[in-house]
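Order of appearance sets the numbers: ligands from 1, and atoms from 1 within every ligand.
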Amino acid sequence: MSDSRPSRSPLSSSSSNAPADARSALLKRAARDAMDYLEGEDARSVAPTPQAVAALSALRGPLPPGPTSAETVLHLLHEYGSPATIAKTGGRNFGFVNGGCLPAALAASWLVSAWDQNAAFFVQSPTAITLEEIALDWVRDLLGLPAGTGGAVVTGATMANFSALAAARHALLARAGWDVELDGLFGAPPITVVVGEEAHASVFKALGMLGLGRNRVVRVPVDGQGRMRADALPSLDAQTILCLQAGNVNTGAFDPADKIIPAARAAGAWIHVDGAFGLWATTSPKYRKLTKGFELADSWATDAHKWPNIGYDCGLALVRDPETLRAAMSMEASYLLQGDHREPSYYNPELSRRARGVELWAGLRSLGRSGMAEIVERTCAHARRFAEGLRAAGFEVLNEVVINQV
Ligand SMILES: *Cc1c(COP(=O)(O)O)cnc(C)c1O
């Protein structure tokens, strides 16, 4: 009987195709479970109960020798997995500087999963590569970065710091006549890395991964809000990477870019900015003054999974001279042909990768410029209200509430 059936598209919803029907039923159920989860978020505690966490043990055990039906797998996930999550996307999670997930970004991520694209090369996904390119341009524009700035869409600000600092390492050593990608760091001319005393831990991790050393840095003293003190900077030169911070994770404070960057540029240093969340303040006319001067840097790391509320994982490495990033990240293999397009894999640490640029495109498109500014202003207003409430209740607020940190 099945032999006489006309061939059909696997995407068709006709009831005569059992595997496709089963898949559709499964995905509809997953969508229902997801909606059920989201609708329940406001009625539960943000943290899971200890019982829910303990019940995760139901998911342990050796891998079964044979298959489990997809329905059962999904059931197990929703039954035991959902209750033990942190309720992150509702209105009551104020932990860290994590964002939620915009409806458009979430919906896009469902579609991206269905597409299952490999966003390594244009030939593997014209859609993913095109949307990523557009989204990168939008971000450059939103953050007020120079025309020609290029970059990579990576998993987060840690990898963005890593990627941008790899570009810096390439540029400085190339200047000194050393090809670090080919010859490595052994025997290379030294590079000095200067960081603020309160640089984010991920900067040190990135420096370690790059062979520049977590401890082999010059630490600049900071003021009471964690801002680098411009008067305490060491002398900088063309073999120096200076790492600034736009948005201290504890206080929200910004290093004084306009006091530091012009002189650092004149000295020939490479200036990198870790602006994981803070750089997005640029999108609000009200808060833009805080990020003034950071656009003069050479590279920037930021996160779209924080303030812009694009789902995990989505970070951005942005580099004024994208050729330096390309020099650090490109690769050659006989089966990889260079087309006319921007190939993400020539700018990214990864080869195969998720099409996270699609979610970024979708989220930003849904927000528009005003939507992004509105998120910044609304969350900053919430932070001020928090601070006022805490002070009124007798608590001491330790930071100057400049943006969304209390
Ligand atoms: C969150 C954060 C990072 C690390 O970002 P991930 O996306 O978690 O890798 C780096 N720097 C600052 C200032 C941050 O807030």
Thinking salt bridges, do [X] and [Y] make one under a 4.0 Å N-O criterion?
X      : Y      : answer
Glu197 : Arg227 : no
Glu295 : Arg320 : no
Asp298 : Arg265 : yes
Arg391 : Glu396 : no

| field | Protein heavy-atom partner closest to atom 9 (O) of ligand 1 - residue, atom, separation in Å | value |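 Result for atom 9 (O) of ligand 1: Thr158 OG1, 2.6 Å.
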| Residue, atom name and distance, where the atom is the protein heavy atom closest to atom 11 (N) of ligand 1 |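 Answer, as residue, atom name and distance: Asp274 OD2, 2.7 Å.
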Go through ligand 1 atom by atom and flag the ones less than 4.0 Å from a non-hydrogen atom of [X].
X      : value
Val97  : 15 (O)
Val249 : 15 (O)
Phe277 : 15 (O)
Lys306 : 1 (C), 2 (C), 3 (C), 4 (C), 5 (O), 14 (C), 15 (O)
His305 : 7 (O)
Gly247 : 13 (C)
Ala276 : 2 (C), 3 (C), 10 (C), 11 (N), 12 (C), 13 (C), 14 (C), 15 (O)

| query | Does the cation-pi check pass for Arg342 over Tyr347, that is, NZ or CZ under 6.0 Å from the six-membered ring centre and within 45° of its axis? | reply |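 Yes, Arg342 lies over the aromatic ring of Tyr347.
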| Side chain or backbone of Asp303 under 4.0 Å from ligand 1, or both, or neither, by non-hydrogen atoms? |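 Side chain only.
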| Ser202 near ligand 1 by a heavy-atom separation under 4.0 Å |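 A heavy atom of Ser202 does come that close to ligand 1.
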| task | Measure up the Phe94 and Phe386 rings against each other and bin them: parallel (under 30°), tilted (30 to 60°), perpendicular (over 60°). | result |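 Perpendicular, since the angle between the ring planes exceeds 60°.
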| query | For the residue pair Trp307 and Phe277, does the interplanar ring angle fall in the parallel (under 30°), tilted (30 to 60°) or perpendicular (over 60°) class? | reply |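 Perpendicular: the ring planes of Trp307 and Phe277 meet at over 60°.
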| field | Closest non-hydrogen atom pair, Ala157 against Ala301 | value |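 Of all heavy-atom pairs spanning Ala157 and Ala301, the closest is O-CB, 4.2 Å.
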